[in-house]
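Have a look at the structure below, then the notes.
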Number of protein chains: 2
Amino acid sequence: MTELPQSNYELIMHFGDMGSRWGFNRTVGQIFALLFVSPEPIHAEHIAATLRISRSNVSMSLKELQAWKLIQIKHRPQDRKEYFAVAGTVWIMAKAVLEQRVQRELAPTVTLLKQHLSTVEAEKQHQSLREQTEQLLTLLQWVQQLADQVQQLEPSQIESFVKLVRRVSKMLAFKNKVVFK
Amino acid sequence: MTELPQSNYELIMHFGDMGSRWGFNRTVGQIFALLFVSPEPIHAEHIAATLRISRSNVSMSLKELQAWKLIQIKHRPQDRKEYFAVAGTVWIMAKAVLEQRVQRELAPTVTLLKQHLSTVEAEKQHQSLREQTEQLLTLLQWVQQLADQVQQLEPSQIESFVKLVRRVSKMLAFKNKVVFK
DNA sequence: ATAACATTTCAAAAAATTCTGAAAATTCAG
DNA sequence: CTGAATTTTCAGAATTTTTTGAAATGTTAT
């Protein structure tokens, strides 16, 4: 129940270490990685034993992963336990992460900046602060919109999307050269 | 030296609260926000007094903001102190954040996954794990590339870029409908 | 070189976050 | 309904991260 190939172990520890940079904690990262490398859905006891963490920690971390929509619960006939597996393909999970992060990292600030700009009369601030604040808000909203667009894509379309953006970007770079050089 | 308009105060506290979600800590977020709303460059003592934090904390946090390339040091004639201001326009700072976050959040995992895939012989893993791992690596590298493209853009081009991506995305959504419905 | 001013370092304190164990709640077969 | 199996909750313990104060280091005018 506890034997893990060395290569998987490294991956799991890495996801644990990166966890906090990705917006969750060590255990959540490790559990996600464990589910990622597991060929079959596994249950909470199994996770606790493999990662040597408490059953209660597993319970809370699984809740967190569910909030991120990164895992799904599976049931087996004749078995009361809940088994867990990653939520789907890499692309499905990536979309979930994107959605959550926009929600957690951008949305609150967008709300605040909107409110800020509508509350504070323009005359009370120096010109450039107001302009910079408006630019920041605009930029954050653009990112939100881009994220929304990306969410719409089907798995089969991501590659085309990446390539098209690459072309768009090249085009703009070229325009730039022609105009300014 | 310590009086702050209420609206700026709210903004600063918000940036403090969001700090940890953005990859730095409360103080770093607050200092950045303070510099953002300050019409003039300010010095470390001023920051400490305004935010009521220790001088040493200010020193370390300013170092951190410099590592993020989010601030710049200004000098005044006849004055030994260092004055600080945000690094430039919103777009310049956004590019700095994007660069840092790709570096901190994606690069280490890309390295690990590459190494993982080249080390572990294909036969030793179940087929689908290898495929999923490859997909994850590919996706992370796409994000890196997109970030690189975006970094190249001049301020004047961002809006065109956003609009073009919007069109690209709409186009793909339409293709999808035609093919599958 | 010195002294006054300024910044940085770092060990330890404070604060925040994560983890645990015990108890409570839930689920479901009989 | 009972009780065994399983999951969840949550107060306090453990750990990690952040902040501080004191000392060290660095800088510049005289």
Side-chain angles (χ1 to χ4, degrees), chain A residues 1 12-35 41-68 71-85 104-105, chain B residues 1 12-35 41-68 71-85 104-105:
Chain A
M1 182 191 264
I12 290 169
M13 290 304 127
H14 177 81
F15 274 61
D17 293 342
M18 297 301 286
S20 54
R21 295 192 193 178
W22 295 339
F24 32 77
N25 65 35
R26 173 178 306 276
T27 308
V28 172
Q30 288 182 351
I31 293 180
F32 176 78
L34 176 57
L35 295 180
I42 57 185
H43 57 83
E45 291 287 1
H46 183 136
I47 296 170
T50 306
L51 301 178
R52 288 113 206 267
I53 58 181
S54 72
R55 181 63 186 73
S56 53
N57 193 357
V58 173
S59 179
M60 292 188 304
S61 300
L62 287 170
K63 277 272 135 55
E64 175 79 359
L65 283 169
Q66 281 176 275
W68 280 87
I71 59 174
Q72 60 185 140
I73 303 178
K74 300 266 185 178
H75 286 281
R76 312 190 135 191
Q78 250 63 23
D79 189 340
R80 202 140 119 203
K81 288 198 205 66
E82 294 185 311
Y83 290 76
F84 298 88
R104 294 166 189 227
E105 299 177 17
Chain B
M1 184 191 261
I12 290 169
M13 289 304 126
H14 177 81
F15 274 61
D17 293 341
M18 296 302 286
S20 54
R21 295 192 192 179
W22 295 339
F24 33 78
N25 65 36
R26 172 177 307 273
T27 308
V28 171
Q30 288 182 352
I31 294 180
F32 176 78
L34 175 58
L35 295 180
I42 57 185
H43 58 82
E45 290 288 1
H46 184 135
I47 296 170
T50 307
L51 302 178
R52 289 114 207 266
I53 57 182
S54 70
R55 181 65 186 73
S56 53
N57 194 357
V58 173
S59 179
M60 291 187 305
S61 300
L62 288 170
K63 276 274 136 55
E64 175 80 0
L65 283 168
Q66 283 176 274
W68 280 86
I71 61 174
Q72 60 184 138
I73 303 177
K74 300 265 185 179
H75 287 279
R76 312 190 135 192
Q78 251 61 23
D79 190 340
R80 203 141 117 200
K81 288 198 203 67
E82 295 184 309
Y83 290 77
F84 297 88
R104 294 167 189 227
E105 299 176 17

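In what follows, chains carry the letters A, B, and so on, assigned in the order in which the sequence lines appear, proteins first and then strands, with residues in each chain numbered from 1.
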Atom-to-atom span, [atom1] of [X] to [atom2] of [N] - whole angstrom:
X	N	atom1	atom2	result
A/Leu62	D/dT7	CG	P	9 Å
B/Arg76	C/dA6	CZ	P	13 Å
B/Gln66	C/dT7	CD	P	12 Å
B/Glu45	C/dA4	CD	C1'	14 Å
B/Met60	C/dT9	CE	C1'	9 Å
A/Ile73	C/dT27	CD1	P	12 Å
B/Glu82	D/dT28	CD	P	9 Å
A/Lys63	D/dT7	NZ	C1'	8 Å

Inset, instruction - Among A/Phe15, A/Trp68, A/Phe32, find the one that has a ring pair (Phe, Tyr, Trp, His ring centres under 6.0 Å) with A/Phe24. - result: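 Answer after filtering A/Phe15, A/Trp68, A/Phe32: A/Trp68.
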
Inset, instruction - Confirm from the modelled atom types if A/Ser56 and C/dG21 form a donor-acceptor pair under 3.5 Å, side chain to base only. - result: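 Indeed there is one.
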
Legend entry - Side-chain donor/acceptor contact of A/Arg80 with base of D/dA5 under 3.5 Å: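 When only heavy-atom distances are counted, A/Arg80 does reach the base of D/dA5 through a donor-acceptor pair under 3.5 Å.
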
Legend entry - B/Ser54 or A/Ser20, whichever maps to the more 5' nucleotide of DNA chain D: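 Closest to the 5' end, via its nearest nucleotide, is A/Ser20.
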
Determine: side-chain N/O of [X] to OP1/OP2 of [N], distance under 4.0 Å, yes or no.
X	N	result
B/Asn25	D/dT19	yes
A/Thr27	C/dC19	yes
A/Arg55	C/dT20	no

Inset, instruction - Could you check if a side-chain atom of B/Asn57 sits within less than 4.5 angstrom of a side-chain atom of B/Leu51, using non-hydrogen atoms only? - result: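 No - every pair of side-chain heavy atoms lies 4.5 Å or more apart.
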
Legend entry - 4.5 Å side-chain heavy-atom contact, B/Ile73 and B/Gln66: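 B/Ile73 reaches B/Gln66 side chain to side chain.
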
Inset, instruction - Check for a donor-acceptor pair, side chain of A/Arg104 on one end and backbone N or O of B/Arg21 on the other, with a separation under 3.5 Å. - result: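 No, A/Arg104 side chain to B/Arg21 backbone: no donor-acceptor pair under 3.5 Å.
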
Inset, instruction - Select from B/Asn57 and A/Arg26 the residue whose nearest nucleotide in DNA chain C is closer to the 5' end of that strand. - result: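 Its nearest nucleotide lies further toward 5', so the answer is B/Asn57.
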
Legend entry - Qualifying residue for side-chain contact (heavy atoms from CB on, under 4.5 Å) with A/His43, from A/Arg76, A/Glu82, A/Lys81, A/Arg80: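 One option only clears the test, and that one is A/Lys81.
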
